[in-house]
Amino acid sequence: MKTLTLQAPDGVSTIVEALATGEPVALPTETVYGLAADALSPNACAKIFEAKNRPLSDPLIVHIPSIDWLPRLTSPTPTALQLAEKYWPGPLTMVLPRQPIVPDIVTAGQETVAIRMSAHPLFQEVATAFGKPLAAPSANRFGRISPTSAAHVLAELDGRIPFILDGGPCAHGIESTIVHVSEEGLRILREGPITREDLRAFAPLLDDSIAVSAPGGLKSHYAPRTPLVLEKNPTPRSKKTGLLAFSAPREGFAQTEILSATSDLREAAANLYGAMRRLDEAGLDLIVAEEIPESGIGAAIMERLRKAAAR
Ligand code: AMP
Ligand code: MG
């Protein structure tokens, strides 16, 4: 299969037709690029797992075109409705009890489904034209670094999907926050752009160490091929050690990527995966990542770095 990268607005109709024939396509979102397919078609969703080499035990996030789909796919609690009101469209995914129309392949057989509404104008345009929910995990091969540009998607999935819609670089650059919502409170399953501090205002935060299994829940994830270690004060170990620095370079590294020269955590998040990818492609034998402050979205960045380091 030849993979074509399409530009908006011309490419949009081709993308929508491909979705209607049950094909998966890569779309930009405000977090990372997603690999989208008709969420109500088990066959279309199966092609997502196939293209990504994703195990069927790892459920998909469903992106809805409009809020009226929320009660059609889930049983939303009052807190879920408040969170949707405040953060949708945006980088918050809610895990809620599913309705029977959600295919088992989407939920990996679980009784809950993960839902979000993307704020990316191109994603919204495609979802609205398609008129149905789209299942869309990140558009990378399983376990690898999530793509934040159309070129990254091509590097991951060339020959495995028909189309990529190019929407430029992603604004947030890391995946959505995932929160399990129940009558008892909120359980954060994956840290992200909507922070712990943001969510605490809506309901009690429950202990996440006993989280409902899975969300990128594997210990190793988001990983470059080059070994990566996380350190407070990075030092080079060899002539071919690369540095993933928070805000300033250090002596003696073969290659350096700086996440934010002004120590801006949001900018650091947006640059994280691109920087990791460039270091991974530089022929290094080790990447040392510098620990960053764990406040706000810094917690989500550190979660990704710990997973990249675990192997
Ligand atoms: P991705 O879209 O590639 O960032 O991955 C989606 C993440 O959402 C995965 O890590 C899943 O484990 C998580 N997820 C999706 N559905 C559910 C669910 N019903 N319960 C818990 N986690 C979920
Ligand atoms: Mg992913």
Side-chain angles (χ1 to χ4, degrees), residues 24-37 39 45 48-64 70 73-76 80 91-118 120 123 133-148 152-153 156-157 161 170 172-182 186-194 206 208 210-224 269 272-273 276-277 300 303-304 306-308 310:
V25 295
L27 299 177
T29 84
E30 73 277 37
T31 57
V32 302
Y33 274 71
L35 182 59
C45 292
I48 294 179
F49 286 92
E50 203 177 8
K52 282 182 58 96
N53 255 335
R54 182 175 175 111
L56 288 165
S57 54
D58 195 358
L60 305 177
I61 294 175
V62 176
H63 295 61
I64 54 178
L70 184 62
L73 301 179
T74 73
S75 312
L92 180 71
T93 298
M94 291 194 274
V95 174
L96 290 160
R98 73 194 269 201
Q99 296 288 358
I101 71 160
V102 181
D104 280 324
I105 189 169
V106 169
T107 69
Q110 300 188 77
E111 284 312 308
T112 54
V113 61
I115 308 273
R116 108 169 169 96
M117 197 193 291
S118 170
H120 196 290
F123 193 103
L134 293 169
S138 53
N140 49 280
R141 273 168 296 139
F142 184 68
R144 296 257 305 134
I145 306 170
S146 295
T148 56
H152 294 168
V153 179
E156 290 287 323
L157 299 175
I161 59 170
C170 300
H172 293 293
I174 58 171
E175 301 81 354
S176 61
T177 304
I178 305 181
V179 64
H180 179 268
V181 183
S182 69
L186 303 175
R187 213 181 281 286
I188 295 172
L189 305 184
R190 177 172 74 190
E191 308 253 12
I194 307 301
L206 307 177
D208 50 22
I210 44 169
V212 193
S213 66
L218 301 165
K219 202 163 167 259
S220 163
H221 213 73
Y222 315 112
L272 176 69
Y273 288 141
M276 241 166 40
R277 215 171 256 282
E303 183 194 57
R304 303 315 188 270
R306 287 196 185 95
K307 286 194 168 149

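Whatever order the structure lists ligands and atoms in, that order sets their numbers, starting from 1.
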A.B. asks: How about Ile194 and Pro91: do any of their side-chain heavy atoms sit closer than 4.5 Å?
C.D. replies: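 The answer is yes, as the side chains (C-beta and beyond) meet within the 4.5 Å cut-off.
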A.B. asks: List ligand 1 atoms under 4.0 Å from Asp58, heavy atoms only on the residue side.
C.D. replies: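 Numbered from 1, ligand 1 contributes 9 (C), 10 (O), 11 (C), 12 (O).
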A.B. asks: Give yes if a backbone or side-chain nitrogen or oxygen of Ser138 is under 3.5 Å from a nitrogen or oxygen of ligand 1, and no if not.
C.D. replies: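 Indeed, backbone or side chain, Ser138 has an N or O that close.
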A.B. asks: Between Ser118 and His120 (side chain of the first, backbone of the second, donor and acceptor by atom type, cut-off under 3.5 Å), is there such a pair?
C.D. replies: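 The answer is yes, because a donor-acceptor pair under 3.5 Å joins these two groups.
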A.B. asks: Just checking, any donor-acceptor pair under 3.5 angstrom between side chains of Thr31 and Ser176?
C.D. replies: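 Note: Thr31 and Ser176 side chains miss the donor-acceptor criterion.
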A.B. asks: Heavy-atom distances under 4.0 Å are what count here, so tell me which part of Val95 touches ligand 1: side chain, backbone, both or neither.
C.D. replies: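 Only the side chain of Val95 comes within reach of ligand 1.
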A.B. asks: What are the atoms of ligand 1, with element, lying closer than 4.0 Å to any heavy atom of Ile61?
C.D. replies: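 Result: 2 (O), 6 (C), 8 (O).
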A.B. asks: Measuring from atom 4 (O) of ligand 1, which candidate in Arg190, His180, Arg116, Arg54 has the nearest non-hydrogen atom?
C.D. replies: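 Looking at heavy atoms only, Arg190 sits closest to atom 4 (O) of ligand 1.
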A.B. asks: Less than 4.0 Å between a side-chain N and a carboxylate O, is that true for Glu156 and Arg277?
C.D. replies: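 Between Glu156 and Arg277 there is a salt bridge, with a charged N closer than 4.0 Å to a carboxylate O.
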A.B. asks: Show the atoms of ligand 1 that are less than 4.0 angstrom away from any heavy atom in Thr112.
C.D. replies: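 With Thr112 as reference, the close atoms of ligand 1 come out as 18 (C), 19 (N), 20 (N).
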A.B. asks: I'd like to know if the side chain of Glu175 pairs up with that of Ser146 as donor and acceptor (distance under 3.5 Å, no hydrogens or angles considered).
C.D. replies: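 The criterion, which ignores hydrogens and geometry beyond distance, is satisfied for Ser146 and Glu175.
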A.B. asks: So, with waters excluded, how many protein N/O/S atoms does the Mg ion (ligand 2) have closer than 2.8 Å?
C.D. replies: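 For the Mg ion (ligand 2), protein nitrogen, oxygen or sulfur atoms under 2.8 Å: 1.
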A.B. asks: Within the 4.0 Å heavy-atom shell around Pro137, which atoms of ligand 1 are there?
C.D. replies: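 Every atom of ligand 1 under 4.0 Å from some heavy atom of Pro137: 1 (P), 2 (O), 3 (O).
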A.B. asks: Could you check Val113, Val106, Thr112 and say which one makes a side-chain contact (heavy atoms from CB on, under 4.5 Å) with Gln110?
C.D. replies: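 Only one option passes, and that is Thr112.
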A.B. asks: Counting each atom of ligand 1 from 1 as listed, which ones have a heavy atom of Gln110 under 4.0 Å away?
C.D. replies: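 Listed by number with element: 18 (C), 19 (N), 20 (N).
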A.B. asks: Using heavy atoms and a threshold below 4.0 Å, how should the contact between Val32 and ligand 1 be classified: side chain, backbone, both, or neither?
C.D. replies: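 Neither part.
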A.B. asks: Report yes if some heavy atom in the side chain of Arg144 is under 4.5 Å from a heavy atom in the side chain of Lys52; otherwise report no.
C.D. replies: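 Sidechains of Lys52 and Arg144: no contact.
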A.B. asks: Identify the heavy atoms of Ile61 and Ile178 that sit nearest to each other, and give their distance.
C.D. replies: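 Taking every non-hydrogen atom into account, CD1-CD1, 4.2 Å.
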A.B. asks: Just by distance, no angles: are the side chains of Arg116 and Thr29 close enough, under 3.5 Å, to form a donor-acceptor pair?
C.D. replies: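 The criterion, which ignores hydrogens and geometry beyond distance, is satisfied for Thr29 and Arg116.
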A.B. asks: Are side-chain heavy atoms of Phe123 and His63 found at a separation under 4.5 Å?
C.D. replies: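 With C-beta onward as the side chain, the pair touches.
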A.B. asks: As an exercise, identify every atom of ligand 1 less than 4.0 angstrom from a heavy atom of Leu189.
C.D. replies: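 Counting from 1, the qualifying ligand atoms are 21 (C).
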A.B. asks: Which bit of Thr107 gets closer than 4.0 Å to ligand 1, counting heavy atoms only: side chain, backbone, both or neither?
C.D. replies: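 For Thr107, there is no contact with ligand 1 at all, from either part.
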A.B. asks: For a 4.5 angstrom cut-off between non-hydrogen side-chain atoms, does Tyr222 reach Asn140?
C.D. replies: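 No - every pair of side-chain heavy atoms lies 4.5 Å or more apart.
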A.B. asks: Does the side chain of Ser75 reach to within under 4.5 Å of the side chain of Leu96, using non-hydrogen atoms?
C.D. replies: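 With C-beta onward as the side chain, the pair stays apart.
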A.B. asks: What are the atoms of ligand 1, with element, lying closer than 4.0 Å to any heavy atom of Ile178?
C.D. replies: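 That gives atoms 7 (C), 8 (O), 13 (C) of ligand 1.
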A.B. asks: Test of understanding: given a 4.0 Å heavy-atom threshold, classify the contact between Thr93 and ligand 1 as side chain, backbone, both, or neither.
C.D. replies: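 For Thr93, there is no contact with ligand 1 at all, from either part.
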